[in-house]
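Here is the structure we will look at, set down as structure tokens.
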There are 2 protein chains.
Amino acid sequence: MGNSKNTTKKIRDLKKSRQEILDAAFWEVFTRGFQGVSVDDIVKKTTLTKGAFYHQFPTKMDLGYALVDEVIKPMTYRRWIDPLQKYENPLEGILLLIKNLIGKAKPQELRYGCPLNNLMQEMAPIDKGFKERLEASLLYWIDGMEQELKRAKKSGYVRDDVNIRQVAHFVVMTHEGFYGMLKALDDPKAFNALYDSLKRYFETLKP
Amino acid sequence: MGNSKNTTKKIRDLKKSRQEILDAAFWEVFTRGFQGVSVDDIVKKTTLTKGAFYHQFPTKMDLGYALVDEVIKPMTYRRWIDPLQKYENPLEGILLLIKNLIGKAKPQELRYGCPLNNLMQEMAPIDKGFKERLEASLLYWIDGMEQELKRAKKSGYVRDDVNIRQVAHFVVMTHEGFYGMLKALDDPKAFNALYDSLKRYFETLKP
DNA sequence: GAAACTACATACCGCTTAGTACGTTGTAAA
DNA sequence: TTTACAACGTACTAAGCGGTATGTAGTTTC
């Protein structure tokens, strides 16, 4: 066992290998933190070795940067912004997304928090390169939220005098706050606090 | 230089040494994270050595636990709950506290986030001992907030049908969310989003 | 199909880490 | 003043870390 010679010819694909490393790194970093994970940990979760890793990324930091730009940033947008376009009233969409993606999720899926928020807490204050990319990802999310709120305003679901940029900031803020609290609490009541309070807040935005 | 013999008799005080270590550890962990700081880093910031450290704490983890129980937990309460008692209307107090402790703070003081939130993000998912203590600290904060909201209700500043436990959850949630966002943003506009939105939310709680 | 290059695999290195072993000095009791 | 112990200081270790040097096997080019 274990000494089965691999006689099959190994194919080589730079991009696929890169993606395999990024996928493995995402889960390891997501569950254990960037500083808590070693390069060896990551390659162990792939079919590759350290040589492949450093052929793709000059340093561990560069992997972290790629993780933010290529995985976490688009993932966050696909998860929280793209689905909103299906709803005629974006405010309803936001609440429904929260209900579906958080309220109906298993505690196990939630207890590692939000990938973007995790790295923001851990890496933004101690590394400039991380901070720049995390800021860009966060603003990308907030910008998307603002666009949807703009649409809500045009459709008459939000009053004209409302500062939608500020609302976008606040909505994202509550998301991050929720995920943060849940890590220590894993109490479903925290979800109700988020959902009901945000709903109550949204009421004040209606014409 | 550097070889000045220390001829003064060194005094010994177990409790004072413990406090010195805890104080130094707090700042190092606050600014660089628990996993990002070594025991050697911490003792270098004190007048003591590694021997003293391990005489006080069996492991590095035990120091972390003490940090939560003896420093961060009471600090959070003194900072966010105790001052509320001075205000007749706790809702006003909460907003004023935010304005004073966040709005008037220098960016430098804010960019390392919230000590409690930092450790929650970093350590709660990967260590049970941390999680238990962080949860206790967070609930201590929320409980205090709930007490103040109870007082607000009795004084007629909050409607009777409002679920104050949920409001307490939400208020703490927005705090943590704000600190989290600020780490990547250091944009003063994030503060306005917190302050104005929370104020707007509070309006819905009034009779 | 040989040459040239790319995409890895393997073995290793210097450094840092948490933790320990043991010596030494301050301190309180007798 | 001696005794006994507590409160450290110093030197060390084994393991893990990020990164590198070098060899080797697929792949492309001509």
Side-chain angles (χ1 to χ4, degrees), chain A residues 2-25 28-29 31-67 119 122-123 126-127 129-130, chain B residues 2-25 28-29 31-67 119 122-123 126-127 129-130:
Chain A
N3 58 354
S4 60
K5 269 247 184 73
N6 195 354
T7 53
T8 63
K9 214 172 164 188
K10 289 206 71 176
I11 59 164
R12 291 182 167 181
D13 191 320
L14 190 64
K15 289 188 181 178
K16 276 199 175 181
S17 294
R18 181 185 175 89
Q19 199 56 48
E20 187 182 353
I21 294 171
L22 282 173
D23 288 342
E28 291 300 300
V29 171
T31 53
R32 295 163 52 200
F34 185 76
Q35 296 183 97
V37 164
S38 72
V39 174
D40 284 305
D41 289 333
I42 293 170
V43 297
K44 264 178 205 160
K45 297 280 175 176
T46 71
T47 62
L48 304 161
T49 64
K50 217 168 187 178
F53 183 97
Y54 280 100
H55 186 65
Q56 301 267 3
F57 306 101
T59 70
K60 190 193 174 192
M61 278 292 180
D62 288 291
L63 162 77
Y65 298 164
L67 218 50
L119 281 179
E122 184 186 2
M123 298 307 294
I126 60 180
D127 184 81
F130 256 107
Chain B
N3 58 354
S4 60
K5 271 245 182 74
N6 194 353
T7 53
T8 62
K9 214 172 164 188
K10 290 205 69 173
I11 58 164
R12 292 182 167 179
D13 191 319
L14 190 63
K15 288 188 180 177
K16 276 198 175 182
S17 294
R18 181 185 176 91
Q19 198 57 47
E20 188 182 354
I21 293 171
L22 282 173
D23 287 342
E28 292 300 302
V29 171
T31 54
R32 295 163 53 199
F34 185 76
Q35 296 183 95
V37 163
S38 71
V39 174
D40 284 307
D41 288 334
I42 293 170
V43 297
K44 263 178 205 161
K45 298 280 176 177
T46 70
T47 61
L48 305 161
T49 64
K50 218 167 188 177
F53 183 97
Y54 280 98
H55 186 65
Q56 302 268 1
F57 306 102
T59 71
K60 190 193 173 191
M61 278 292 181
D62 288 292
L63 162 77
Y65 298 164
L67 218 47
L119 281 179
E122 184 187 1
M123 299 307 296
I126 59 181
D127 184 81
F130 256 106

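Chain naming here is simple, since letters A, B, ... match the order of the sequence lines and numbering starts at 1 in each. Here the structure is a predicted model, which means the values were calculated and not measured.
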Hey, what do you get for CD1 (B:Ile42) to CZ (B:Phe53), rounding to the nearest 0.5 Å?
5.0 Å

In residues 49-64 of chain B, which residues come under 4.0 Å of DNA chain C by heavy atom?
B:Lys50, B:Tyr54, B:Thr59, B:Lys60

For B:Asp23, give me all partners under salt bridge (Lys or Arg N to Asp or Glu O under 4.0 Å), at least two apart in sequence or on another chain.
none

Residues in side chain to side chain donor-acceptor pair (under 3.5 Å) with B:Thr46, at least two apart?
none

Please list, by residue number, the residues of residues 11-20 of chain B whose heavy atoms come closer than 4.0 Å to an atom of DNA chain D; answer none if no residue qualifies.
B:Arg12, B:Asp13, B:Leu14, B:Ser17

Touch class at under 4.0 angstrom, heavy-atom based, for B:Val43 against every strand present
nothing

Just jot down the side chain to side chain donor-acceptor pair (under 3.5 Å) partners of B:Thr31, sequence neighbours excluded, or say none.
none

According to side chain to side chain donor-acceptor pair (under 3.5 Å), who are the partners of B:Ser38, at least two apart in sequence or on a separate chain?
B:Asp41

Mind listing the N/O atom pairs, protein and nucleotides 28-30 of chain C, below 3.5 Å?
none

Which is true for A:Thr47 with a 4.0 Å heavy-atom rule: it touches a base, it touches only sugar-phosphate, or it touches nothing?
sugar-phosphate

The side chain to side chain donor-acceptor pair (under 3.5 Å) partners of A:Glu28 (sequence neighbours excluded) come to A:Arg32

Can you see if the side chain of A:Lys10 gets near the phosphate of C:dA7 - specifically, an N or O under 4.0 Å from OP1 or OP2?
no

Figure out the CG/P separation between A:Leu48 and C:dC8, and round it to whole Å.
6 Å

Under the salt bridge (Lys or Arg N to Asp or Glu O under 4.0 Å) rule, collect the residues that match up with A:Lys50, sequence neighbours excluded.
A:Asp40

From CD1 of B:Ile21 across to P of D:dA7 the rounded distance in Å is 12 Å

Decide whether B:Gln56 and B:Ser17 meet the rule of one side-chain donor and one side-chain acceptor closer than 3.5 Å.
no

By ring-ring contact (aromatic ring centres under 6.0 Å, His included), A:Tyr65 pairs with (sequence neighbours left out) A:Phe130

For B:Asp127, salt bridge (Lys or Arg N to Asp or Glu O under 4.0 Å) partners two or more places apart:
none

Among pairs that include at least one residue of residues 54-64 of chain B, which meet salt bridge (charged side-chain N to carboxylate O under 4.0 Å, His left out), considering only residues two or more places apart or in two chains?
none

